[in-house]
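The structure appears below as structure tokens.
In what follows, chains carry the letters A, B, and so on, assigned in the order in which the sequence lines appear, proteins first and then strands, with residues in each chain numbered from 1. Since we're looking at a predicted model, the values are computed, not measured.
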2 protein chains.
Amino acid sequence: MAARSVDPGESVDPVDPAEPASTPEPVGTAESVGTAASVGTAEPFTPGTVRPGGRTARVRTAVLRAAEDALVEHGFSGLDLGDIAQRAEVGRTTVYRRWGSTTALVADLLADMAEQSLPRTHTGSLAEDLRANARLVRRTLADPRQGALFRAVIVAANCDADAAEALRHFYRRRVEEWAPCVTEAVERGELPADTDASEVVRAVSAPLYYRMLTTVEPLDEAAADRAAAAAGAAARAGAYRLQGP
Amino acid sequence: MAARSVDPGESVDPVDPAEPASTPEPVGTAESVGTAASVGTAEPFTPGTVRPGGRTARVRTAVLRAAEDALVEHGFSGLDLGDIAQRAEVGRTTVYRRWGSTTALVADLLADMAEQSLPRTHTGSLAEDLRANARLVRRTLADPRQGALFRAVIVAANCDADAAEALRHFYRRRVEEWAPCVTEAVERGELPADTDASEVVRAVSAPLYYRMLTTVEPLDEAAADRAAAAAGAAARAGAYRLQGP
DNA sequence: CCCCTAATGGGACTCCCGTTCCGTTAGGAT
DNA sequence: ATCCTAACGGAACGGGAGTCCCATTAGGGG
């Protein structure tokens, strides 16, 4: 049963279950495309693309949710497509046919996660915006469910090129969302003119991820505030200017 | 054959092949210990502990090297103990008996890697020491062989508790090696008195690892210098003081 | 409302990872 | 040098993940 409840209002929330068809992300079965002008036996293309309607969409969301639960419970290495099929109450064959591998499934899950918008704050102060961002990241990584999910997803990205691209896309989205708070600080004159906004935003997350990966120390709010303060101080000192210091 | 040559003088170099017995790290087969006071059939404990001499040690180094090669080639997810046994020219059974799982093998490999000492620089300037450290990390992660190895090892750490502990131990060692250059800077009066030296050192590595994991942009020397400069600036601004700012 | 077929689902089959059994080799203590 | 047995290695075995085949269900266009 695995409750899929997350702290209300927490970062990545599930999509509306009735979502119609959000680009089913066909798995790259790029193979033998030629000779399609035959009689009637046209090569069946990647499933889920021709009739993305009701059932297909339901199967997709059910499987993605099951995958999320499984990732949280057993991590990426423990991912079993057969188990996911059972959780999703979907035929085992279907999962193998539409996704084919655990990494492809995670890549699709990441594409789905990237869709969730996560509005940034607008406090009017760079320090406060960065701290809000750091605390949000901290809370996500420290949350048992979300943290486990992110670990799993990072692992998958290191095992497969497609999953890696999906993860990069996810972070690109997140960084794009928060970069404006740096740009605005530049316009207010708080930072050097040629400051690389994306780099500042990444600088906030980096120590938190690094800490999660390499130490046992808990990811507490003090660590988040420190990360934000450090990124702010470095930015003010011109460490993230596009042209040398 | 997979050349195991690394840039000369590069970070993790292989141990002396003739190393006698460096704590063979028995896999935790903690099971049925009781009733050892029987007749003659004493339970055979973890292999490699009673006779760590010649052959056993040779097998260990051969397997660890093979594991390293395999990790570099196929990543952690592609690790196959049978394949490793072949590469090491060792019986498949032996690998399964002594390590038992891919994660345990990686944990042992990490323990081995942690033994390699990697002396820090002593330039007399915090900025230069940090930059030297950043460039070393950068070079390691950007190196095809070392980079792949580190990715694989991080993945393993996220799949298994023992591997995670081994990875933490590895980084603890590395941080301990470099922390003094921060402490000395404090003594010289370059940084606030209660600066957390380890945190500064980690702050240098963090953005490099984060960049490797979440972007496609190459890990160039400019990125390393930026990471060092940012950590230095933040430290001078007091962002890493033990008690609040 | 009906038809065509995309998409799903069950079950049998295959292959390979990991285990077990037991004979062989070689530490290392005497 | 000799013996004892820890440790290794080959071969056969078992189970589970992934594939294949075909019958069934349900989009969605007419």
B:Arg58 vs C:dG27: side-chain N/O to OP1/OP2 distance below 4.0 Å: yes
Of all pairs that satisfy salt bridge (Lys or Arg N to Asp or Glu O under 4.0 Å), the ones with a partner from residues 148-161 of chain B, not counting sequence neighbours: none
Would one find a side-chain N or O of B:Thr94 under 4.0 angstrom from OP1 or OP2 of D:dG9? yes
Between CD of A:Gln86 and P of C:dG11 the distance, given in whole Å, is 13 Å
Grab the CG-C1' distance between B:Asp83 and C:dG18 for me, whole Å please. 15 Å
Could you check how far CZ of B:Arg55 sits from C1' of C:dA26, rounded to whole Å? 5 Å
A:Trp99 CH2 to D:dT19 P: how many Å, rounded? 15 Å
Taking side chain to side chain contact (heavy atoms under 4.5 Å, CB included) as the test, write out the residues that go with B:Ala197, two or more places apart. B:Ala179, B:Val182, B:Thr183
Phosphate-side-chain proximity, B:Tyr96 and C:dT19, N/O vs OP1/OP2 below 4.0 Å: no
Under a 4.0 Å threshold between the charged nitrogen and the carboxylate oxygen, would A:Glu165 count as salt-bridged to A:Arg172? yes
Counterpart residues, side chain to side chain contact (heavy atoms under 4.5 Å, CB included), relative to B:Ala85 (two or more places apart): B:Arg92, B:Val95
Check this for me: does any side-chain nitrogen of one of B:Arg145 and B:Glu68 sit under 4.0 Å from a carboxylate oxygen of the other? yes
Heavy atoms from C-beta onward define the side chain here; which of C:dT8, C:dG18, C:dG27 lies closest to that of A:Thr56? C:dT8
Sequence neighbours left out, what passes ring pair (Phe, Tyr, Trp, His ring centres under 6.0 Å) with B:Tyr209? Give chain and number order. A:Tyr210, B:Tyr171
Quick one: A:Leu81 CG to C:dG9 P, roughly how many Å, whole number? 15 Å
Tell me whether the side-chain N/O atoms of B:Arg98 come closer than 4.0 Å to OP1 or OP2 in D:dC8. yes
Spacing between B:Leu105 atom CG and C:dG18 atom P, to the nearest angstrom: 12 Å
My understanding is that only residues two or more places apart in sequence, or in another chain, count here; which of them pass side chain to side chain donor-acceptor pair (under 3.5 Å) with B:Asn133? none
Just the atom pairs and distances: protein N or O near nucleotides 10-12 of chain D's N or O, under 3.5 Å.
residue: D:dG10; atom: O6; partner: B:Thr93; partner atom: OG1; Å: 2.9
residue: D:dA11; atom: N6; partner: B:Thr93; partner atom: OG1; Å: 3.4
residue: D:dA12; atom: N6; partner: B:Arg92; partner atom: NH2; Å: 3.4

